[in-house]
Amino acid sequence: MFDTLSDRLSATFKNLRGKGRLSEADIDATAREIRIALLEADVALTVVRAFIKQVKERALGAEVSQALNPAQQVIKIVNEELIGVLGGETRRLRFAKNPPTVIMLAGLQGAGKTTLAGKLGRWLQQQGHTPMLVAADLQRPNAVNQLSVVAERAGVAVFAPEPGNGVGDPVKVAKDSITYARDKQHDVVVVDTAGRLGIDQELMQQAADIRDAVSPDEVLFVVDAMIGQDAVTTAEAFQEGVGFDGVVLSKLDGDARGGAALSVAKVTGKQIMFASNGEKLDDFDAFHPDRMASRILGMGDMLTLIEKAEQTFSQQEAEKMAAKLAKGPKEFTLDDFLAQMEQVRKMGSISKLLGMMPGMGQMKDQINNLDEREVDRTAAIIKSMTPAERAEPTIINGSRRARIARGSGVDVSAVKGLVERFFDARKMMSRMAQGGGMPGMPGMPGMPGGGGGKKKGKQKKVKGKRQSGNPMKRRQEEQAAAARRAQGGAPGIPGPGQDPGDFELPQEFKDMLPPK
């Protein structure tokens, strides 16, 4: 969604790199490029003007002129202002003191409300709630049937007493659903209303009547992130006609310019609460302005990546695997390799996971061309092996490779390549488990510039950056290093305000990507 905007901003900040002092002309030129980038992304003009004004005022102030690295300070300012435009802090759902909590969805036809109701229901269920979806869209053909199918796929209850297709009273359905939810002990009710146009007064009044009948704790306006400036106009019309408490962005995985996401929160004063970024029911999560700003500026989204890993991987299994690796590399088998690979697959699209890593914007084309089916082919090869071959791959000779290749439908070279990659991965994981760090990741234990881990044999001394013999200059270098550390960022990973181009992807991950 934000690829074009990210590319333009990255190119703009790249021009600042290496400048020890920024003149007023440099800041004006940077502000002009940011303005063009935002306008090309279809961000509302009023939002762009306010954003640029604030950035310029801060960039011309003392916080940049007195900074050790003015260019990084400008990036930090843009990051903070972008977070403000996107709503500032993360907005959480308000739950009723006395259940059920009622959430009403409203929006245009085709915005994806019905599918989003299923995603929201599944998300609430994962948070420990017992949600129920209500089919109050009785206008659109087969809307009731669609919600029932989505609810079944999501594994949540549905209340659909009317067949729809123009039959039934949506206000009565919504009102009756509250009593039904109390009887069945559902603590959250999600009401799916009919899609409407901002100028359609009759349907707008129907939404207002449903709101008055159920007194929702949250009215969420569902907006298609791909419709550009119309999103802002429609949001203002809904705010006047029905009113809403928060915004949900759907179709955030589209290829449109995405200005709606950067405009709607600032224009309406209502924060974005959720975002849907795919077709699967799990492609849905709470909206974090700071994380989205970080993605737009090419700094990745490590917090979301960590959360996905915590949801997928069991702590007990992780400890068990670490203990096995600590005993020695031969303890790690192809069965373990397959199990780990399937766990990663459960986290979602590998392309999306790689896209959350800092600095990966520079490898965007390779990530987009990543063949997700490679994981399935690898699994097929391993499953075509005997238990003995999985436990000890060294016994796989030429005839065994030919048999495995026939069983998995691949070339013999693919089987050979997989076994070789497995041995490399086993060696790397064993070293990490024993405190040796990950090869190719600078600044971590067991690597050039890092410490820790057992050192075997004579190692080549790695030259670090020479310190200046001038005491004054050396002191400035130490202050600059301290400032970079204060801005955050794990070893080898840029923090807020740092240049994402400084991140170097480990060679093991680079091998997974197609060549440029």
Side-chain angles (χ1 to χ4, degrees), residues 305 309 312-313 317 321-322 324-325 327-357 359-434 436-442 446-447 456 503-516:
L305 190 60
T312 306
F313 290 91
E317 286 296 320
M321 187 62 64
K324 179 180 282 193
L325 287 166
K327 292 178 182 178
K330 289 189 177 180
E331 293 292 321
F332 186 72
T333 67
L334 275 165
D335 281 320
D336 298 323
F337 184 70
L338 178 62
Q340 292 289 301
M341 191 171 61
E342 289 176 343
Q343 288 279 8
V344 172
R345 191 62 183 268
K346 287 179 184 177
M347 290 173 64
S349 164
I350 294 175
S351 300
K352 289 181 180 177
L353 295 177
L354 286 172
M356 291 179 191
M357 297 183 70
M360 292 302 286
Q362 300 172 28
M363 308 178 74
K364 202 173 295 172
D365 292 338
Q366 292 167 274
I367 292 174
N368 291 337
N369 292 327
L370 187 68
D371 189 357
E372 301 273 350
R373 293 173 298 177
E374 187 63 35
V375 177
D376 297 328
R377 282 192 282 268
T378 301
I381 293 172
I382 296 174
K383 289 176 180 177
S384 297
M385 297 177 183
T386 65
E389 289 167 346
R390 294 184 207 173
E392 188 45 74
T394 54
I395 68 172
I396 300 177
N397 53 24
S399 61
R400 287 175 183 265
R401 278 196 293 269
R403 191 202 76 246
I404 294 167
R406 287 195 301 272
S408 54
V410 299
D411 295 332
V412 174
S413 60
V415 180
K416 183 180 179 182
L418 168 63
V419 174
E420 289 174 352
R421 289 200 307 273
F422 167 72
F423 286 134
D424 291 339
R426 184 164 74 174
K427 195 182 299 181
M428 179 194 74
M429 293 178 73
S430 179
R431 185 189 300 181
M432 290 175 65
Q434 294 172 6
M438 183 183 290
M441 183 75 87
M447 285 180 279
K456 296 182 180 179
F503 175 76
E504 178 67 19
L505 192 69
Q507 187 62 42
E508 287 74 19
F509 288 160
K510 286 182 180 178
D511 292 342
M512 296 172 60
L513 299 170
K516 289 183 180 180

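To the nearest 0.5 angstrom, Phe422 atom CZ is 7.5 Å from Asp336 atom CG. Atoms CZ and CD1, on Arg400 and Ile404 in that order, are 8.0 Å from each other to the nearest 0.5 Å. One distance of note links CG of Asp335 with CZ of Arg390; it measures 5.0 Å at 0.5 Å rounding.
Two residues are said to be in side-chain contact when any heavy atoms from C-beta on lie closer than 4.5 Å; Thr386 and Arg403 meet this criterion. The shortest side-chain heavy-atom distance between Arg401 and Val415 falls under the 4.5 Å cut-off. In this structure, Leu338 and Lys383 have side chains that are in contact, with non-hydrogen atoms separated by less than 4.5 Å. You'll find the side chain of Ile382 reaches within 4.5 Å of the side chain of Leu418, heavy atoms only.
For Leu334 against Pro393, the heavy-atom pair with the smallest separation is CD1-CG, 3.7 Å.
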Point to revise | Derivation and outcome, side chain to side chain contact (heavy atoms under 4.5 Å, CB included), residues Asp411 and Lys416 | key: CA-CA 9 Å; Asp411 295 332; Lys416 183 180 179 182; over 6 Å; no

